[in-house]
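Taking it in order: structure first as structure tokens, then the write-up.
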Amino acid sequence: MSNYYQPEIECASREQIKAWQDERLVETVNHVYQNVPYYRQKMEEKKLTPADIQSTDDLYKLPFLTKSDLRDAYPYGLLAVPLEDAVRIQSTSGTTGKRVVAFYTQADIDLWEDCCARAIVAAGGSKQDVVQVAYGYGLFTGGPGLNGGSHKVGCLTLPMSSGNTQRQIQFIQDLHATILCCTPSYAAFIGETFAEMGVKPEEISLKAGIFGAEAWSEEMRRDIEKKLGIRAYDIYGLTEISGPGVSFECEAQTGMHVNEDHFIAEIINPETGEVLPEGEKGELVFTSITKKAFPLLRYRTRDICVLNREPCPCGRTHVKMSKPMGRSDDMMIIRGVNVFPSQIETVLLNHGYPANYQIVVDRVKNTDTLDVQVEMTQEMFDDTVKGISAREKELVEGLKAMLGLSAKVHLVSPKTITRSEGKAVRVIDKRKI
Ligand code: DLL
């Protein structure tokens with residue numbers, strides 16, 4: 001039995017979806033050309049005017065937009081409405097230099113929440129449900145997005161935010177929560193905690209989970225489903241494009257339907273920028289066509305995916321994207337936080353270390369670990385044991401300040417980190433995802 005939040009949209013004909021996209025793309029291009037000098041200049045560099053974009057068939061003509069464009073334009077450079085019409089910002093989980101700020105009008109928030117509501121209904125949610133939102137609240141989009149979606153569906157919403165696992169468990173048990181929204185690694189951790197407490201899956205009131213914001217495998221899905229006695233659904237999104245709910249899984253659990261009435265998806269070759277035919281693996285690019293405060297044209301997500309338009313048994317007609325299979329840049333997502341190796345390098349260099357280091361990422365008991373091994377200079381190495389451990393502590397603090405994450409630091413003797421003959425292998429990611 002399929003459930004839809006907006007059946008007339010979610011199951012619209014392909015012709016209807018194309019017609020919406022054509023019309024809204026033209027409107028959005030005009031909107032940014034008129035209101036955002038940064039865009040106008042980018043279009044002028046390609047000798048384009050809005051008249052060149054008549055439908056989605058002309059999309060390929062538009063320039064790409066990247067995270068570095070967003071950073072260049074920080075903070076207000078891409079705001080496309082007067083400040084008085086913007087009501088909210090959200091921000092990516094990166095840190096200082098790497099932060100990206102996205103703006104919303106009230107109407108933008110409304111549409112975003114509709115997307116999250118679609119995901120909740122697809123996971124079996126209705127007014128009868130108690131939805132526990134254990135994504136972070138604040139600048140991160142996870143908590144606010146699912147919170148808004150849950151309200152729209154009319155569920156009783158528990159705005160827990162992440163962390164404090166004992167309290168999460170207490171609320172699931174006392175309020176009989178039926179749908180859990182959080183990262184997959186946190187869901188697995190909650191499942192493990194229940195098991196340690198001797199609570200059996202059939203004794204847990206939850207029936208479904210909506211998990212995303214980081215990569216997770218089919219094995220992990222099965223593990224979570226077993227531990228919590230639920231069906232676990234994937235949800236995808238990124239701050240720049242709105243947040244969670246850009247795409248979501250239905251009961252078929254074979255990919256996520258992109259909300260194509262709001263976002264146009266393309267797959268490109270990350271090296272050449274060429275648009276790839278459907279079914280080929282490449283970098284996912286999104287164009288938002290309904291947002292007013294922060295519309296993005298051809299934004300490169302760096303996520304590597306495949307799109308699939310085969311009819312879905314659930315009845316939805318919107319294109320499905322595969323789980324992201326990796327990234328075309330070196331960004332890592334550690335405990336939900338976006339981390340670039342260059343940020344770690346900056347901390348090391350600022351503390352006087354040579355750039356000989358290795359970053360080891362692993363997942364232990366469903367929690368990501370970050371271990372930074374750093375070579376000392378000979379002079380540092382000659383220090384006392386106490387001196388060396390003080391240095392380690394100092395680096396742990398420096399990394400925490402830069403990344404907002406706790407890392408382990410191991411200072412190693414000079415010349416112990418293997419030198420590579422080609423590109424240095426800075427990151428060893430042992431997570432099986
Ligand atoms: O992670 C938005 C979100 C919140 C999605 C809650 C789902 C649930 P950012 O912090 O901007 O936004 O990070 C976006 O996270 O480009 C992907 O690399 C990764 N990502 C998001 N969802 C998934 C997923 C939120 N389901 C970046 N599977 C994206 C794999 C995901 N990776």
Side-chain angles (χ1 to χ4, degrees), residues 65-67 70-71 89-95 98-102 112-113 115-116 118-120 122-123 131 133-150 161-162 179-187 209-218 220-221 224 232-249 253 255-259 263 265 270 283-286 288 294 296 299-306 320-340 363 368 403-405 429 431 433:
L65 209 64
T66 64
K67 225 186 187 77
L70 269 53
R71 286 194 203 114
I89 68 154
Q90 302 287 162
S91 174
T92 56
S93 48
T95 47
K98 304 278 180 189
R99 268 209 187 277
V100 165
V101 174
W112 172 31
E113 292 178 349
C115 291
C116 291
R118 289 179 195 174
I120 292 171
V131 175
V133 184
Y135 284 113
Y137 279 67
L139 288 171
F140 181 57
T141 52
L146 270 307
N147 192 95
S150 173
S161 199
S162 54
I179 300 181
L180 175 65
C181 304
C182 61
T183 59
S185 39
Y186 196 44
I210 304 177
F211 307 133
E214 64 184 3
W216 53 310
S217 59
E218 285 303 325
M220 192 160 171
R221 188 205 302 265
I224 296 172
Y233 297 92
D234 204 349
I235 184 165
Y236 168 91
L238 56 165
T239 315
E240 297 91 315
I241 298 297
S242 68
V246 170
S247 66
F248 62 92
E249 231 173 25
Q253 293 182 312
M256 296 174 271
H257 290 281
V258 174
N259 283 309
F263 314 109
E283 183 181 330
L284 185 60
V285 171
F286 280 114
S288 71
F294 199 67
L296 296 188
Y299 182 67
R300 293 186 59 164
T301 64
R302 302 288 174 184
D303 291 316
I304 303 292
C305 290
V306 175
K320 284 200 288 196
M321 59 177 264
S322 65
K323 274 179 179 295
M325 304 162 180
R327 294 188 50 91
S328 69
D329 62 8
D330 57 1
M331 189 181 92
M332 306 173 276
I333 301 182
I334 300 174
R335 278 174 252 142
V337 177
N338 301 347
V339 174
F340 289 87
R363 191 165 277 178
D368 295 333
L403 310 173
L405 265 184
D429 198 335
R431 295 176 292 186
I433 41 179

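Both ligands and their constituent atoms are indexed starting at 1 by order of listing.
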Looking only at heavy atoms, is any part of [X] under 4.0 Å from ligand 1, and if so is it the side chain, the backbone, or both, or is it neither?
| X | answer |
| --- | --- |
| Thr141 | side chain |
| Arg327 | side chain |
| Ala213 | both |
| Phe211 | neither |

Worksheet item: Would you say Pro244 and Trp112 make side-chain contact, with heavy atoms under 4.5 Å?
Response: yes
Item to complete: Please examine the side chains of Leu70 and Leu296, heavy atoms only from C-beta on, and report whether any two atoms are closer than 4.5 Å.
Response: yes
Numbering the atoms of ligand 1 from 1, which are under 4.0 Å from a heavy atom of [X]?
| X | result |
| --- | --- |
| Asp303 | 16 (O), 17 (C), 18 (O), 29 (C) |
| Ala215 | 30 (C), 32 (N) |
| Ile235 | 7 (C), 8 (C), 22 (N), 24 (C), 26 (N) |
| Pro324 | 28 (N), 30 (C), 32 (N) |

Fill in: Closest candidate by heavy atom, reference atom 15 (O) of ligand 1, pool Leu238, Ile333, Val337
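Of the listed residues, Ile333 has the closest heavy atom.
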Worksheet item: Ion pair present between Arg431 and Glu214, side-chain N to carboxylate O less than 4.0 angstrom?
Response: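 A salt bridge is absent here (no side-chain N lies under 4.0 Å from a carboxylate O).
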Rounded to the nearest 0.5 Å, how far apart are [atom1] of [X] and [atom2] of [Y]?
| X | Y | atom1 | atom2 | value |
| --- | --- | --- | --- | --- |
| Thr239 | Asn338 | OG1 | CG | 7.5 Å |
| Arg71 | Thr92 | CZ | OG1 | 8.0 Å |
| Phe248 | Ile120 | CZ | CD1 | 11.0 Å |

Please confirm whether [X] comes within less than 3.5 Å of ligand 1 when only nitrogen or oxygen atoms on both sides are compared.
| X | result |
| --- | --- |
| Thr301 | no |
| Asp234 | yes |
| Gly243 | no |
| Tyr135 | no |

Discussion item. Less than 4.0 Å is my threshold; does some heavy atom of Glu214 fall inside it relative to ligand 1?
Written reply: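 Per 4.0 Å heavy-atom rule, Glu214 contacts ligand 1.
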Fill in: Within 45° cone of Phe340 ring axis and under 6.0 Å: Arg302 NZ or CZ
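Relative to the ring axis of Phe340, which defines the angle, Arg302 lies outside at least one limit.
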Item to complete: Please report the closest heavy-atom contact between Leu146 and Cys116, naming both atoms and the distance.
Response: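 Looking at all heavy atoms of both residues, the shortest contact is N-SG, 4.2 Å.
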Worksheet item: Which heavy-atom pair separates Met220 from Arg363 by the least distance, and what is that distance?
Response: SD-NH1, 3.6 Å
